[in-house]
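Here is the structure we will look at.
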Amino acid sequence: MTTLVPGTKVVIKEKIMINIGVLASGRGTNLQAIIEAIEEGKIEGRISIVISDNPDAYALKRAKQYNIDTRYINFKEFKNREDYDKEIIKTLKEKKIDLVVLAGYMRILSPYFIRTYKNKIINIHPALLPSFPGLHVQKKAIDHGVKISGCTVHFVDEGVDSGPIILQKAVEVKDDDTEELLAERILKEEHQIYPRAIQLFSEGRLIIKGRRIFIK
Ligand code: GRF
């Protein structure tokens, strides 16, 4: 038992839990890594919703296994990208989302979405940006002959994979690499740096100065 001397100031460090919204279209291994980091107490936050444009995304199943709310939104029911994004934003607002995490989300966000959540949307990309933006980048890295590739967590801006870089991890490209082998080794590192970047965000430690991000 602690005996307090009268007049002693007791400072209780209050933890602020951020609400995370995840957008995913596929298998969701990054989602899984984030869920596990939260369960291990590494991230001061909770995933309040997982939204997908694909009803069969395994990411939705993973979320359900952890009793995380999910929502499938069918793109075909909307007349354009902005209307679709407005529906997503409606759900994110209802859930009071502080951070939008793209985890294998295969749609380009509208400028409206990006403006609404400025500096609050992050993405992971399986190459060392600004090299190899876009799709099939592990193959592009091998075909180009680079000796080092890797992965990048970045804020999302209106360009393709062009936003300010938060964290990167290098992965060696081996002489006998196939697209699959390289992708697998990069993915392992993605599972480390994505939760770490979210942890830093949740702790308010990311300082944005123009294109550069400093870690407090
Ligand atoms: C990852 O390679 C990520 O870098 C890219 O999409 C893939 C998603 O994989 N943006 P998963 O669905 O998280 O397993």
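In listed order, ligands and their atoms are each counted from 1.
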State whether the shortest distance between N or O atoms of [X] and N or O atoms of ligand 1 falls below 3.5 angstrom.
X      : answer
Gly28  : yes
Asn123 : no
Leu187 : no
Gln138 : no

(message) Quick one: does any side-chain atom of Arg211 pair with a main-chain N or O of Gly163 as donor and acceptor, under 3.5 Å?
(response)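 Yes; at least one donor-acceptor contact below 3.5 Å.
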
Which protein heavy atom lies closest to [atom], and at what distance to 0.1 Å?
atom                    : answer
atom 10 (N) of ligand 1 : Ile124 O, 2.9 Å
atom 9 (O) of ligand 1  : Arg27 NH2, 3.2 Å
atom 6 (O) of ligand 1  : Gly104 CA, 3.6 Å
atom 4 (O) of ligand 1  : Glu190 OE1, 2.8 Å

(request) Taking the six-membered ring for Trp and the single ring otherwise, decide whether the centroids of His144 and Phe132 are under 6.0 Å apart. (result)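 When the ring centroids of His144 and Phe132 are compared, they turn out to be within the sub-6.0 Å range.
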
(request) Establish, yes or no, whether the cationic atom of Lys93 lies under 6.0 Å from the six-membered ring centre of Tyr117 and within 45° of the ring axis. (result) yes

(message) Quick one about Thr91 and Arg71 (side-chain donor to acceptor, distance below 3.5 Å, no hydrogens or angles considered), yes or no?
(response)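 Side chains of Arg71 and Thr91: pair found under 3.5 Å.
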
(request) Consider only side-chain N and O atoms of Asn54 and Ser25, and report whether a donor and an acceptor are under 3.5 Å apart. (result)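 No, because no side-chain N or O of Asn54 sits under 3.5 Å from a partner of the opposite role on Ser25.
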
(request) Inspect the contact between Asp69 and Lys95 and indicate whether a charged nitrogen and a carboxylate oxygen are less than 4.0 angstrom apart. (result)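 Answer for the salt bridge query: yes.
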
(request) State plainly whether the residues Glu189 and Lys169 are in salt-bridge range, i.e. N to O under 4.0 Å. (result)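 Looking at Glu189 and Lys169, the cut-off is met.
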
(request) Check if Ala24 has a non-hydrogen atom at a distance under 4.0 Å from any atom of ligand 1. (result) no

